[in-house]
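Below: one structure, written as structure tokens.
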Amino acid sequence: MRYRWVLVLFLLSSVPLGGIAISRWDDMRSKHSWGAIPENWECLGLPTTDTIIDLYMALKPYRENALVDALNEVSDPRHPRYGMHLSREQVADIVAPHPDTVQLVHSWLEHHRITSSSVSVTNGGSFLTVTGVTVSQANDLLGASYRLYTHTKTNETIVRTLGYSLPVVLHGHVQTVAPTTFFSSPLTQWQTPRKRSDVATVGPGNRRITTVVTPAFLRWLYSTFAYVPSAMDRNVVGVAGFLGEYPNPVDLISYMRKYRPDGIDATYTVTLVNGGGYNPNTPGEEANADLQLTEDIPCWLVALLNQQNVPQTITASYGNYEKFYPIDYAYEVCHLFAQLGARGVSVIFASGDHGVGGGDCKTNDGTVRFTPFFPATCPFVTAVGGTTSFDPEVGASLSGGGFSEYFRRPKYQQQAVSTFLDNLGQQYSGLYNPPGRGIPDIAAQAMTIPIFHKGQEEVVKGTSCSTPIMAGIISLLNDHRLSQGKHPLGFLNPWLYGGGLKGFNDIMSGSNPGCNTDGFSAIVGWDPVTGLGTPDFERLMYILDLGSSNPPE
């Protein structure tokens with residue numbers, strides 16, 4: 001028996017290396033799958049086997065925590081490296097995968113007869129694009145079952161799979177692959193300003209008077225009225241546009257003529273990213289709102305990160321329920337935002353327009369769970385909620401807020417969020433994730449906002465409005481700093497929850513109902529309706545100038 005046991009060991013250790021290489025590609029483990037077809041989608045059946053798709057693969061960095069460590073250092077005013085933002089090359093070096101990762105992935109692709117000429121590498125080797133892949137090849141490569149799916153409300157058709165796998169040996173090397181299980185519809189996933197019909201009041205003589213939040217009102221409310229920008233040659237605001245939403249220069253002129261005649265010569269430039277288009281003759285409300293107020297996220301971010309110079313402030317009024325994003329996909333997108341932050345960019349996202357969640361918020365097993373918005377839940381962006389009224393401002397009922405199911409609460413908001421949770425007690429226990437990252441971070445006016453669309457003035461509402469308003473104020477702070485020869489603010493949150501805290505007006509009333517509940521309530525301090533509050537530009541400028549957290553009242 002002893003002899004036979006030794007013989008078995010000898011035979012196993014003598015299997016040729018080539019045999020191991022083949023078997024390791026066949027040893028697959030699920031990367032992500034849905035238990036059912038996602039909401040609002042229907043399967044149309046199989047695409048033809050020669051249908052071509054491009055695959056995008058995000059590789060894990062060799063130094064797992066190096067990016068977040070560097071981001072925290074350059075974003076925390078208490079750290080010696082505060083403001084020493086990284087260059088494109090430095091960030092690419094930090095996120096680069098280990099050479100063994102690159103070699104392993106290329107060997108896997110070659111095993112499936114995908115030639116090196118079909119593979120391009122960007123962002124320090126961390127992002128691979130594989131072009132010209134047939135659906136049949138993709139199914140074999142990913143253990144997938146690609147089908148055609150149509151959206152029941154938009155009739156959009158896409159090629160996706162309900163699940164995909166990777167060889168076990170690649171799970172520690174590949175973060176995510178797309179397109180696979182991300183089903184969010186381009187025509188429905190983004191935050192669109194919603195038209196209001198309830199803004200008219202009756203004045204003297206039964207005349208109807210429409211009360212709107214004009215730029216002059218905002219400049220008074222947030223104390224920017226006296227500031228004159230002086231670093232316009234260096235300070236840039238980037239407005240993210242997706243899904244065929246185009247701004248229109250004529251609408252911009254109409255807006256400026258009515259509300260800011262001193263800025264009638266305002267213009268914008270369009271940079272096409274990842275095969276994007278631009279047709280100002282088909283403007284979208286979202287794009288016009290973003291400008292007048294100041295297929296794929298990873299591809300857009302990678303293309304942006306590949307630029308030598310990036311805007312100091314980026315505003316995006318887009319998002320969807322976090323639960324619709326595969327978790328590995330969400331992690332990758334979030335870490336791409338961290339890369340922008342490390343380069344000195346303030347990334348600002350809308351927190352959503354459905355309070356704590358839209359509809360009945362039931363999960364697949366029938367339980368109710370609040371549904372926060374992503375990318376707002378990413379801890380490396382600044383999430384903006386909404387307010388209304390004034391003297392005092394109150395939280396707008398539509399203001400998206402809550403706690404991430406994917407991302408843990410970051411250190412910078414630990415104290416502020418813990419205080420809110422202590423006051424909340426057991427209310428809504430089981431409906432949200434207490435240890436999760438809390439949103440929003442800050443807020444601004446979100447109701448009765450005028451815009452011009454296709455030559456006509458409209459009044460809209462939503463965090464799609466409050467987000468570019470806030471981006472405009474952050475851009476003014478960057479202008480002030482750049483004019484003094486200082487660095488831009490970059491990733492805002494460590495400063496907001498620290499020294500910048502007293503530069504915000506605490507909003508202490510209002511709530512954000514949803515999921516058939518009353519939602520959370522705005523209280524003293526941070527809350528998941530308005531975050532830390534709304535900005536006071538002069539106080540924020542004072543804090544930045546003197547490094548003081550005690551500005552004059």
Side-chain angles (χ1 to χ4, degrees), residues 20-43 45-47 49 51 53-61 64 97-98 100-102 104-114 119 126-130 133-149 158-184 295-298 320-336 363-367 369 374 377 404-408 433:
I20 294 176
I22 293 174
S23 65
R24 65 180 174 179
W25 305 135
D26 297 330
D27 184 12
M28 306 282 281
R29 187 174 72 207
S30 175
K31 184 68 173 171
H32 181 263
S33 65
W34 299 116
I37 298 175
E39 183 179 339
N40 295 323
W41 291 93
E42 291 181 351
C43 182
L46 291 167
T49 55
T51 298
I53 61 175
D54 293 340
L55 293 175
Y56 304 96
M57 300 181 183
L59 306 186
K60 294 183 179 181
E64 183 178 1
H98 193 280
D100 290 350
T101 294
V102 177
L104 196 62
V105 170
H106 279 281
S107 296
W108 170 54
L109 295 174
E110 290 171 3
H111 173 72
H112 286 274
R113 296 181 175 81
I114 294 175
V119 182
S126 65
F127 200 79
L128 271 61
T129 302
V130 186
V133 181
T134 67
V135 166
S136 178
Q137 280 181 304
N139 283 335
D140 291 342
L141 185 72
L142 300 171
S145 182
Y146 280 93
R147 298 285 192 274
L148 290 171
Y149 293 90
I158 59 175
V159 178
R160 292 293 188 274
T161 176
L162 290 181
Y164 77 103
S165 300
L166 292 174
V168 172
V169 295
L170 289 181
H171 275 250
H173 300 273
V174 178
Q175 176 63 37
T176 191
V177 180
T180 49
T181 56
F182 180 41
F183 275 75
S184 198
E295 147 47 24
D296 192 81
I297 299 176
N320 204 345
Y321 295 132
E322 186 183 67
K323 66 179 183 179
F324 290 156
Y325 293 84
I327 190 167
D328 58 325
Y329 182 98
Y331 282 172
E332 173 59 20
V333 169
C334 191
H335 277 80
L336 290 170
T363 61
N364 290 335
D365 61 6
T367 59
R369 195 80 171 173
F374 180 83
T377 54
S404 173
E405 300 282 348
Y406 289 176
F407 302 98
R408 294 190 63 82
N433 181 37

Between E332 and A58, the two heavy atoms sitting closest are CD-CB, 3.3 Å
Heavy-atom check, side chain of F182 versus side chain of I158, under 4.5 Å: no
Is the closest side-chain heavy-atom distance between T134 and T51 below 4.5 Å? no
Going through the checks in order, is the side-chain contact (heavy atoms from CB on, under 4.5 Å) test met by W108 and L141? CA-CA 8 Å; W108 170 54; L141 185 72; 3.5 Å; yes
Can you find a pair of side-chain heavy atoms, one from K60 and one from T101, that are under 4.5 Å apart? no
Do E405 and I327 have side-chain heavy atoms sitting under 4.5 Å apart? no
Value rounded to 0.5 Å, distance of OH in Y56 from OG1 in T176: 13.5 Å
Would you say the side chain of P298 lies within less than 4.5 Å of the side chain of F127, judging by non-hydrogen atoms? yes
Looking at every heavy atom in both L104 and R24, which two are closest together, and how far apart are they? CD1-NH1, 3.8 Å
Suppose we screen for ring pair (Phe, Tyr, Trp, His ring centres under 6.0 Å). Which residues come up paired with H173, at least two apart in sequence or across chains? none
Tightest non-hydrogen contact, residues P179 and D54, listed as CD-O, 3.2 Å
On a heavy-atom basis, the closest approach of L55 and A138 is CD1-CB, 4.5 Å
Looking only at atom types and distance, does a side-chain atom of H32 sit under 3.5 Å from a main-chain N or O of T181, one as donor and one as acceptor? no
Looking at CZ of R160 and SG of C43, how far apart are the two atoms once the value is rounded to the nearest 0.5 Å? 13.5 Å
Is there a donor-acceptor contact under 3.5 Å from the side chain of K31 to the main chain of V174? yes
Describe, in one word, how the ring planes of W41 and F183 are oriented to each other, choosing from parallel (under 30°), tilted (30 to 60°) and perpendicular (over 60°). perpendicular
Contact summary for T161 and S145, nearest pair of heavy atoms: OG1-N, 3.2 Å
Taken to the nearest 0.5 Å, the spacing of L170 CG from S107 OG works out to 9.5 Å
Any donor and acceptor pair, going by atom type alone, linking the side chain of H98 with main-chain N or O of D100 inside 3.5 Å? yes
Is any side-chain heavy atom of Y146 closer than 4.5 Å to a side-chain heavy atom of I53? yes
Specify the closest pair of heavy atoms between R113 and Q137, including all atoms of both residues, with the distance to one decimal. O-NE2, 3.9 Å
Is there a donor-acceptor pair closer than 3.5 Å between any side-chain N or O of N433 and the backbone N or O of S404? yes
Measuring from N139:CG to H112:NE2, what's the distance to the nearest 0.5 Å? 11.5 Å
List in chain and number order the residues that pass side-chain hydrogen bond (donor to acceptor under 3.5 Å, both in side chains) with Y164, two or more places apart in sequence or in another chain; answer none if no residue qualifies. D328
Using the ring of each side chain (for Trp, its six-membered ring), is F374 parallel, tilted or perpendicular to F407, with breaks at 30° and 60°? parallel
I want to check something: taking the side chain as every heavy atom from C-beta on, are M28 and L166 in contact at a cut-off of under 4.5 Å? no
Can you tell me how the ring of Y406 sits relative to the ring of Y331, calling it parallel under 30°, perpendicular over 60° and tilted otherwise? perpendicular
Apply side-chain contact (heavy atoms from CB on, under 4.5 Å) to the pair V159 and R147, showing each step before the final yes or no. CA-CA 6 Å; V159 178; R147 298 285 192 274; over 6 Å; no
In the structure I gave you, are the side-chain heavy atoms of H106 and V119 within less than 4.5 Å of one another anywhere? yes
Going through the distances and angles, do V102 and L128 end up as a side-chain contact (heavy atoms from CB on, under 4.5 Å)? CA-CA 10 Å; V102 177; L128 271 61; over 6 Å; no
